[in-house]
Amino acid sequence: MQRVILAVNHDETLQLLHLLRSSEIFQPVGLYVPDDRKSDTYALNDKIQNFSLSSVPDIDVEFLVFSHSKKREAEELHKQFPDACMISCDQFQGLLKQMESVSMETKNDSLHQLKTVLDNTHDGMIVINNRLEITIFNKSAEKMTGISKEEAIGKSILKVMPNSQLPRVLNSGIEEINQEQILENGTKIFTTRTPIFDQNSKVLGSFAVFKDITEIVNLAEEVTNLKSIQSMLTSIIQSSEEAISVVDEQGKGILINPAYTRLTGYTAEQVIGKPATTDISEGESIHMQVLKTRKPIRGARLKVGPNRKDVIVNVAPMIVDGLIKGSVGVILDVSEIKGLTEELHRARQIIRTLEAKYSFEDIIGESEEMKFAIDQGKLAASTPATVLLRGESGTGKELFAHAIHNASDRKFNKFVRVNCAALSESLLESELFGYVEGAFSGALRGGKRGLFEEANGGSIFLDEVGELSQNTQAKLLRVLQENEIRRVGDTKAIPINVRVIAATNVNLEKMIAESTFRQDLYYRLNRMPIYIPPLRLRNNDILLLAKHLLQKLNQDYGRNIEVISKDAEKFLLDYHWPGNVRELENILGRAIIHMSLTDTQINRSHISLLSNNHNKLNAASKNVAEAQLHEKTLTDQLDEFEKEILIEALKTFDGNKTRAAKSLGISLRNFYYKLEKYGIDDKVRK
């Protein structure tokens, strides 16, 4: 609008103000009032200002309207507003009437059309004048900025949108194209800012046209994510060990993976773009059936590839927005499934019969003696030789038997355990070797397989082998020599392939001397002897074992015992442990049972019940030793002499068993055996 100041008579002032009130072209912003007429004030609105020559306001105006009677004052005012057009009151009224005579209907239609276009454009639009006031603010601008038109029109752009760059364009007169900007509400926009010039190249204002790119950015990110997902799915398909085939809605191949090529023998060049029947050597295409029915098919049998591989196919349709876009098939090799089924069957047998449960990792011990025994066990596992585990009761012979089986190439076959001392001679023989129908009264109809037959291909653990009768020893010797068994009551030999692991805690050499154990069987069993040291000979392992057993007992009893006190540790280290690891577990278990549910530490008081047993066992050992002195044979005396030599050798080399064995000219294994034979423990050596 054109800004106007008035320097007119009183009556003309009232008339002009009345006309200007409805004008959309001119706007009165100032009214000259002489100093002697200060009491006569006029107001059109809060934007008109009354002033005199002594208080001329600093405002921009386009027209200075004057009465002839005030021409002199008007000329003085014109000095203050040199850019304003000085026009008489009569001329101004004529100009005003002429401009107002323009067809209001045409004007209104044009304005309405312009407003409709601006409000319905998808781009936001903001226009400011050279006073930084917002003159246009369309609906899209409202939507993107979150500011209503009523809050914006007529206000300074810097108050409405402090981060607006339109003032910069207004001052520089330079257009800025496709600039990225983030509005205060977080909306990202691309904007073009353009200055507005009049015909004389004077900057009248500036405007901005902008569009919301948040949706565009989100769409671009979504496309990027889709590409990432596609790349990831392709990688998964390509790395899958299962053969995968994908066809489009026409049944033509679009994707296969390396596993498909390995199974069928067809490469991508032979399949991609070809009909789904290309790889089928016998049967109908499951892909085509799924494309017709739009339903998945599972377990279909086909033969594929030039080698006519027998396979099972699972195919599912790919449906997007109700339209079928193709199908994907997974091809399984039947021969591989058979192999997996057999392996699963063997695994179930192992679980069902609770076969070998432990490995060498389950054997706890850091002492030199235990490390040597473990090394011997691992060596035995790598050979098919018969193993003889020797050691006192409770040292862990069965644990070693489990570990040897699990470390051998027989680990996927059966591991059968037999306690030779738990069964009578007749029952043990029938259990070990089986029997035929009618072999004895009570025999099952059809006979029964023996444990050696059950263990065929695997291992059999004969615990307490020293308790076998002479008759059973002879049959066991035949098994070891001929690799065959004969059922009780049968004359036919049955070949077997069984690895025998035997264990004993008795002195077999003494039994041979007493003719209670067969020497030839001893030589067969003793091919790979492993001596497992008693707990008292590996004192350093006691606390390590105790902590390991505590974890197991906590799980068994639902407790949370964390530590063993120092006095309890000292007691455990001083104890002789005639029952070895089994006794240690028993003692800790009894201690936990008698402890409070809130206790987290085992104290000496919790295992005080052992003190009497400790004294009694030591006294019993002493009595036995004294009784043995009353009667000594030549063999006993030679053994005693050999024992003294071994003790002296250990003392000479400060307990270093490797150097002691070397000085005596015997192997370290034989040296350990003799230490066990004569019961030479760490206390005696020191």
Side-chain angles (χ1 to χ4, degrees), residues 347 350-367 369-371 373-374 377-378 381 389 391-407 411 415-417 419 422 459 461 463-464 501 503 505 530 532-610 613-614:
I350 292 172
I351 295 170
R352 184 172 62 250
T353 58
L354 293 177
E355 295 187 350
K357 299 178 290 184
Y358 308 108
S359 64
F360 285 111
E361 286 72 23
D362 297 311
I363 300 176
I364 307 302
E366 295 294 335
S367 64
E369 295 86 350
M370 203 60 180
K371 286 182 178 179
I374 292 173
K378 291 179 179 178
L389 300 171
E392 297 178 6
S393 178
T395 53
K397 295 187 291 297
E398 184 169 345
L399 193 66
F400 266 82
H402 283 254
I404 290 170
H405 174 79
N406 274 332
K411 62 182 177 181
F415 176 76
V416 176
R417 293 167 288 172
N419 189 325
S459 303
F461 174 51
D463 197 10
E464 306 292 352
I501 304 174
N505 61 356
I530 298 175
I532 304 174
L535 192 55
R536 62 181 176 276
L537 295 187
R538 49 190 187 110
N539 198 261
N540 295 336
D541 292 341
I542 291 176
L543 297 182
L544 194 64
L545 277 164
K547 292 177 182 178
H548 173 76
L549 291 172
L550 269 183
Q551 295 178 1
K552 176 178 178 295
L553 292 169
N554 279 333
Q555 292 178 348
D556 292 343
Y557 297 149
R559 305 295 292 275
N560 188 31
I561 308 301
E562 298 175 353
V563 294
I564 301 174
S565 66
K566 294 296 183 183
D567 56 342
E569 285 184 353
K570 184 178 184 303
F571 179 80
L572 295 178
L573 292 172
D574 291 340
Y575 188 55
H576 190 59
W577 299 111
N580 295 295
V581 181
R582 187 179 291 124
E583 184 181 9
L584 174 61
E585 182 177 7
N586 175 271
I587 286 173
L588 293 174
R590 280 194 291 146
I592 290 176
I593 290 172
H594 290 91
M595 290 170 66
S596 170
L597 292 175
T598 58
D599 288 341
T600 59
Q601 176 176 286
I602 292 182
N603 298 319
R604 173 67 180 83
S605 59
H606 295 132
I607 51 177
S608 59
L609 294 174
L610 296 175
N613 294 338
H614 178 230

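Side chains are part of it too, since the values below use all heavy atoms of this structure and drop only hydrogens, waters and symmetry mates.
- Rounding to the nearest 0.5 angstrom, the gap separating the NZ atom in Lys397 from the CG atom in Asp463 is 6.5 Å.
- The two atoms that bring Asn603 and Ala568 nearest to each other are C-CB, 3.8 Å, heavy atoms only.
- In this structure, the side chains of Leu588 and Ile602 come closer than 4.5 Å at one or more pairs of heavy atoms.
- Atom-to-atom distance recorded for Ile363:CD1 and Ile532:CD1 is 7.5 Å, nearest 0.5 angstrom.
- Residues satisfying the salt bridge (charged side-chain N to carboxylate O under 4.0 Å, His left out) test with Lys552, not counting sequence neighbours, are Asp556, Glu585.
- Taking Arg559 as the reference, nothing meets the side-chain hydrogen bond (donor to acceptor under 3.5 Å, both in side chains) condition, with sequence neighbours excluded.
- When every heavy atom of Gly589 is checked against every heavy atom of Tyr557, the shortest pair comes out as O-CE1, 3.9 Å.
- Between Leu544 and His548, every side-chain heavy-atom pair lies at or beyond the 4.5 Å cut-off.
- Not counting sequence neighbours, the partners of Ser393 by the side chain to side chain contact (heavy atoms under 4.5 Å, CB included) test are Asn505, Arg582.
- Residues meeting the side chain to side chain contact (heavy atoms under 4.5 Å, CB included) test with Ser596, sequence neighbours left out: Thr598, Asp599.
- Between Ile542 and Tyr575 the shortest side-chain heavy-atom distance does not fall below 4.5 Å.
- Here CG of Leu553 is found 4.5 Å from CD1 of Ile592. Values are rounded to the nearest 0.5 Å.
- Side-chain contact, Ser565 with Asp567: a donor N or O sits under 3.5 Å from an acceptor N or O.
- Residues passing the side-chain hydrogen bond (donor to acceptor under 3.5 Å, both in side chains) test with Lys371, sequence neighbours excluded: none.
- Asn539 places a side-chain N or O within 3.5 Å of a backbone atom of Leu573 that can act as its donor or acceptor partner.
- Taking Glu464 as the reference, nothing meets the side-chain hydrogen bond (donor to acceptor under 3.5 Å, both in side chains) condition, with sequence neighbours excluded.
- No side-chain donor-acceptor contact under 3.5 Å links Asp574 to the backbone of Phe571.
- Rounding to the nearest 0.5 Å gives a distance of 4.0 Å between CZ of Arg536 and CD of Glu392.
- Using a 4.5 Å heavy-atom cutoff, the side chains of Gln551 and Asn554 are not in contact.
- A distance of 6.5 Å separates OG of Ser359 from CG of Asn406, quoted to the nearest 0.5 Å.
- Looking at heavy atoms from C-beta onward, Phe400 lies out of side-chain contact with Thr395 at the 4.5 angstrom threshold.
- For the pair Arg417/His402, a side-chain contact is recorded, criterion being any heavy-atom separation below 4.5 Å from C-beta on.
- Listed by chain and residue number, Arg590 satisfy the side-chain hydrogen bond (donor to acceptor under 3.5 Å, both in side chains) test with Asn586 (two or more places apart in sequence, or in another chain).
- Inter-residue side-chain proximity for Phe461 and Ile404 is flagged as unmet; no heavy-atom pair is nearer than 4.5 Å.
- Annotation: side chain to side chain contact (heavy atoms under 4.5 Å, CB included) contacts of Leu545 (sequence neighbours excluded): Ile364, Leu535, Arg538, Asp541, Val581, Leu584.
- Residue Trp577 comes nearest to Leu572 through the heavy atom pair NE1-O, 2.8 Å, listed as atom of the first residue, atom of the second, then distance.
- Shown here are the side chain to side chain contact (heavy atoms under 4.5 Å, CB included) partners of Asn540, two or more places apart in sequence or in another chain: there are none.
- Between the CE atom in Met595 and the CD1 atom in Ile607 there is a gap of 10.5 Å [rounded to 0.5 Å].
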